[in-house]
Amino acid sequence: MPELPDVEVFKRYLDSTALHKTIIAVEVKSAAILEGVTAGMLQKTLQSRQFQSTHRHGKHLLVALEQEPWLTLHFGMTGYLKYFKQMEKDPEHDRLLVSFDNGFHLAYVCQRKLGAVGLTDSVDSFIAEKQLGPDALSLDLEGFRQALQGRRGTVKSFLMNQKHLAGIGNVYSDEILFQCKLHPKSQVNHLKGKTVARLFQVVQKVLHAAIDAQADPDQMPDSYMLSHRRRDGTCPRCRGDLQKISIAGRSSYYCPVCQTKPA
DNA sequence: AGTACCACCTGACGGC
DNA sequence: TGCCGTCAGGTGGTAC
């Protein structure tokens, strides 16, 4: 679930809680989430230092220390952050626990352990190493056209491919295609210039709206398909039944009446 | 450069 | 009650 909007909410949460406080302890509770670092390296790197700022790229959150390196966080399917007081009980499934000198902790929680925590020298080298495409909210129409340049295949897999465009996953690609009235299996090389421009605008609109709603489906407009896909399975526009099909092994929901494939 | 499919991992849920 | 298959869905690997 943690796609771009969720991670942006985590970023703002971390920004408003855990910056500029001295780290006094680092506990790795599950080494399975470590990527390219050992628990010892992580502890040694963070000990006695402070988080200075954060940067989000796609679904990745990078946290700057006073100087290099950066802490990198990816949330897999079930990850999130929790900042809490000393006296409170550690959250369930916390995999990394950072303790500050003010008596608070920041927990990286990841029930299914599909997330990853690591270190990197810079934002740019991290993006290069992961081969991430441009962030979906940090490019203009021209950049979006470039990301699409020469591609084939379905629009759904294009939107979800982090190497082409970073930040969009299964849930928001469905929402974007619904708002854009495009069938998920539309071929990207068949999209007309006007449709590409509309798709770009809808990507921006949906991601911003989701952030405004704290990435919480219950706070999103009723016209969004997101909250309907499992609740009643009904299209909020035409009230027909939503269809569920499999694309690239993912379940995709769409409205067969409202969403059509261009020739 | 695409696609399909598997694996990773844990918990919820429905069927029997 | 409890076991089992399936699903959830981000990512990476493999085979075609």
Side-chain angles (χ1 to χ4, degrees), chain A residues 1-11 28-36 56-62 72-82 90-96 107-118 120 126-133 135-136 145-178 183-191 206-207 210 215-217 225-233 242-254 261:
Chain A
M1 304 247 279
E3 303 181 28
L4 188 153
D6 309 80
V7 178
E8 180 62 28
V9 171
F10 299 159
K11 170 180 159 54
V28 175
K29 296 198 174 187
S30 170
I33 52 109
L34 296 180
E35 186 177 55
R56 184 192 53 72
H57 188 95
K59 304 173 189 174
H60 297 268
L61 182 58
L62 284 75
T72 65
L73 302 172
H74 186 272
F75 298 92
M77 292 198 314
T78 53
Y80 63 94
L81 298 173
K82 177 156 188 183
D90 294 357
E92 283 277 300
H93 312 300
D94 57 329
R95 310 305 184 188
L96 174 68
Y108 166 86
V109 183
C110 194
Q111 182 207 101
R112 284 176 221 179
K113 299 184 186 172
L114 294 177
V117 172
T120 191
F126 180 78
I127 292 169
E129 184 198 321
K130 295 277 176 192
Q131 299 179 267
L132 297 174
D135 182 80
R145 287 195 197 281
Q146 274 174 30
L148 263 165
Q149 191 64 246
R151 309 252 176 242
R152 296 177 292 114
T154 67
V155 65
K156 165 107 175 172
S157 15
F158 167 76
L159 289 175
M160 288 207 302
N161 191 326
Q162 304 302 298
K163 291 181 169 62
H164 301 159
L165 191 65
I168 299 169
N170 197 39
V171 170
Y172 286 103
S173 61
D174 279 359
E175 187 64 51
I176 287 162
L177 294 172
F178 175 74
H183 191 288
K185 283 194 171 175
S186 306
Q187 297 293 310
V188 288
N189 53 329
H190 291 172
L191 301 182
V206 167
L207 295 180
D216 175 1
M225 189 242 278
L226 214 124
S227 54
H228 291 269
R229 55 191 285 167
R230 275 200 266 153
R231 203 194 308 157
D232 51 12
L242 295 175
Q243 290 284 305
K244 182 185 173 187
I245 56 171
S246 180
I247 300 180
R250 301 288 126 78
S251 46
S252 305
Y253 293 83
Y254 75 104
K261 248 187 281 192

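Proteins come first, then strands; the chains are lettered A, B, ... in the order of their sequence lines, and each starts at number 1. We use all heavy atoms of the structure for the numbers below, so side chains are in, but hydrogens, waters and symmetry mates are not.
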If you find the nucleotide of DNA chain C closest to A/Lys130 and the one closest to A/Arg112, which residue's nucleotide is nearer the 5' end? A/Arg112
Is there a donor-acceptor pair closer than 3.5 Å between any side-chain N or O of A/Gln162 and the backbone N or O of A/Met160? yes
If we ignore hydrogens and angles and just use 3.5 Å, is the side chain of A/Asn170 paired with the main-chain N or O of A/Ser251 as donor and acceptor? yes
Please give, in whole Å, the distance from [N] [atom2] to [X] [atom1]?
X	N	atom1	atom2	result
A/Met160	C/dA8	CE	C1'	14 Å
A/Lys59	C/dG10	NZ	C1'	6 Å
A/Asn189	B/dA1	CG	C1'	12 Å
A/Phe126	C/dT11	CZ	P	10 Å
A/Leu148	B/dA1	CG	P	15 Å
A/Leu159	C/dG10	CG	C1'	16 Å
A/Ile168	C/dT11	CD1	P	12 Å
A/Ile33	C/dT11	CD1	P	16 Å

Report the residue from A/Ile168, A/Thr154, A/Val188 that forms a side chain to side chain contact (heavy atoms under 4.5 Å, CB included) with A/Leu159. A/Ile168
With a 3.5 Å cut-off and just heavy-atom distances, do the side chain of A/Arg151 and the base of B/dA1 make a donor-acceptor pair? no
Nucleotide nearest A/Ser251 when distance is taken to its side chain, options B/dT10, C/dG10, C/dA8: C/dA8
Among C/dT11, C/dA8, B/dC8, the one nearest any side-chain atom of A/Lys244 is C/dA8
Protein N or O to nucleotides 3-5 of chain B N or O, pairs below 3.5 Å:
residue : atom : partner  : partner atom : Å
B/dT3   : OP1  : A/Thr154 : N            : 3.2
B/dT3   : OP2  : A/Ser157 : OG           : 3.3
B/dA4   : OP2  : A/Ala248 : N            : 3.4

In whole Å, what separates the [atom1] atom of [N] from that of [M]?
N	M	atom1	result
C/dC3	B/dC8	P	22 Å
C/dA8	B/dT3	C1'	22 Å
B/dC5	C/dT6	P	15 Å

[X] side chain N/O closer than 4.0 Å to the phosphate oxygens (OP1, OP2) of [N]?
X	N	answer
A/Tyr172	C/dG10	no
A/His93	B/dG11	yes
A/His74	C/dT11	yes

Position toward the 5' end of DNA chain B (nearest nucleotide), A/His164 or A/Lys113: A/His164
Name all residues meeting the ring-ring contact (aromatic ring centres under 6.0 Å, His included) criterion together with A/His183; count only those two or more places apart in sequence or in a different chain, and write none if there are none. A/Tyr254
Give the ring-plane orientation class for A/Phe126 versus A/His60, where under 30° counts as parallel, over 60° as perpendicular and anything between as tilted. perpendicular
Answer yes or no: are there more than 12 heavy-atom neighbours, outside A/Lys29 itself, under 6.0 Å from its atom NZ? yes
So the salt bridge (Lys or Arg N to Asp or Glu O under 4.0 Å) pairs with at least one residue in residues 155-166 of chain A (sequence neighbours excluded) are A/Lys156-A/Asp174
For residues A/Ala215 and A/Asp6, report the shortest heavy-atom separation together with the two atoms involved. CB-OD2, 3.6 Å
